[in-house]
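Below is one structure; the comments refer to it alone.
Below, read A as the first sequence line, B as the second, and so on, with proteins coming before strands; counting in each chain starts at 1.
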Amino acid sequence: MSSLQGYVDRRVLLVLQDGRAIVGKMAGYDQKSNVVLSESKERVYSMEEGVEEIPLGLYLVKGDMIILIGEIDEEIEQSVDLSTIRAEPMPPIRY
Amino acid sequence: MLIFSVFKTLTDQQVTVELKNDLSITGTLKSVDQFLNIRLDNIKVSDEARHPHMIAVKNCFIRGSVVRYVQLPADHVDTQLLEDATRRGDNSTKAIVLTLTIKNRNAETLKFHYG
Amino acid sequence: MDPSSSSIQEPFDLIRLSLSERVYIKLRGDREVTGVLHAYDGHMNLILSDVEETILIVDPDSATEAPVPVNVAKRKMDMLFVRGDGVILVSPPSRA
């Protein structure tokens, strides 16, 4: 398994099958790549306004739903003002 | 198994992974597993203006099942070897990995080994 | 008996005989590719070189049963892995 070990305790971005983006600290994961995030937030993208962050707290995301896990570079993250970013939500996966 | 082996020989090479949501991510292939899940380093998303979602992401894990294509570096793929291995229905991963890995090493290393 | 057909017993044999030949692949999502086939496996994962992809842009609002492509986009790639779950058909080279 191309392991998720390196992501534990790091701030990560999860991209889900339906295009949702969730950020949080990876608290843990298992064999089926189910992931537990702490201090998590959903980032809602739209063309009408800046990125809205919805707090979700401690969150378990089913592995099947996750299409991508990205490690967030804190330095770049800090330099980005989310309120200025306008973009369509990520498209859902179409099989 | 054969395809898994091919990806293993391409670790540390630059690839472009296109997902089934049309997102294209270029990066250095760090690892791959039997499900063809992929780990990429130093990633760059194509058309970043339209897809700013991953702006602060430097490396990522991509679920194999959501991959549509992977663009490979042609000069690191031995097509003759692939065809032979495919014809044999090859499952001897080790042989393929060894052969391809040796081929991908630069001439300097070989010179060192063979004097 | 035609010697080329005698070695075809099952569908995958047809693909095996297409190795190192240019093949046509129809994919999900209104996509087609042509390229030289170098490897495949039982999932129909494929590795192709000298690839041309064609994306048919269809009008989703079209009321007709079979939507007609309104536009096509083409691009070329040197060496491409195609994941098998998107493959609808693999067609061997036409014997001209």
Practice item. Give, as side chain, backbone, both or neither, the part of A/L13 having an atom under 4.5 angstrom from any heavy atom of chain B. Key: side chain

Exercise for review: Heavy-atom distances under 4.5 Å only: say whether A/E77 touches chain B with side chain, backbone, both or neither.
Suggested key: both

Review point. Got a second to check how far A/I67's CD1 is from B/N21's CG, nearest 0.5 Å?
Key: 4.5 Å

Review point. Heavy-atom distance under 4.5 Å between the side chains of B/L23 and A/V15, does that happen here?
Key: no

Revision key, fill the gap. Under 4.5 Å to a heavy atom of chain A? For B/I43 that would be neither

Check your understanding: Is the number of heavy atoms from other residues, nucleotides or ligands within 6.0 Å of CZ (A/R86) greater than 12?
Key -> yes

Exercise for review: Compare every heavy atom of B/R63 with every heavy atom of A/S33, then report the nearest pair and how far apart it is.
Suggested key: OG-NH1, 3.7 Å

Practice item. Under 4.5 Å, counting heavy-atom pairs only, tell me which of B/K30, B/H51, B/K58 racks up the most with chain A. Key: B/K58

Check your understanding: Checking A/D18 against chain B: side chain, backbone, both or neither under 4.5 Å from a heavy atom?
Key -> neither

Check your understanding: For the candidates A/L82, A/V80, A/I72, which exhibits the highest count of non-hydrogen atom pairs separated by less than 4.5 Å from chain B?
Key -> A/I72

Check your understanding: When rounded to the nearest 0.5 angstrom, what distance separates OG in B/S65 from CD1 in A/I93?
Key -> 8.0 Å

Review point. Do B/H53 and A/I85 come close enough that some side-chain heavy atom pair is under 4.5 Å?
Key: no

Exercise for review: For each of A/G19, A/S79, A/A21, A/G63, tally heavy-atom pairs with chain B at distances under 4.5 Å, and name the one with the top tally.
Suggested key: A/G63

**Study point:** Part of B/N59 lying under 4.5 Å from any heavy atom of chain A
**Key:** both

Study note, to complete from the structure: Value for CD1 (B/I55) from CD1 (A/I76), rounded to nearest 0.5 Å, stands at 8.5 Å

Practice item. Identify the two heavy atoms, one from B/V57 and one from A/G70, that lie closest to each other, and give their separation to 0.1 Å. Key: CG1-CA, 3.5 Å

Review point. Which atom names give the shortest non-hydrogen contact between A/Y7 and B/F61, and what distance separates them?
Key: OH-N, 3.4 Å

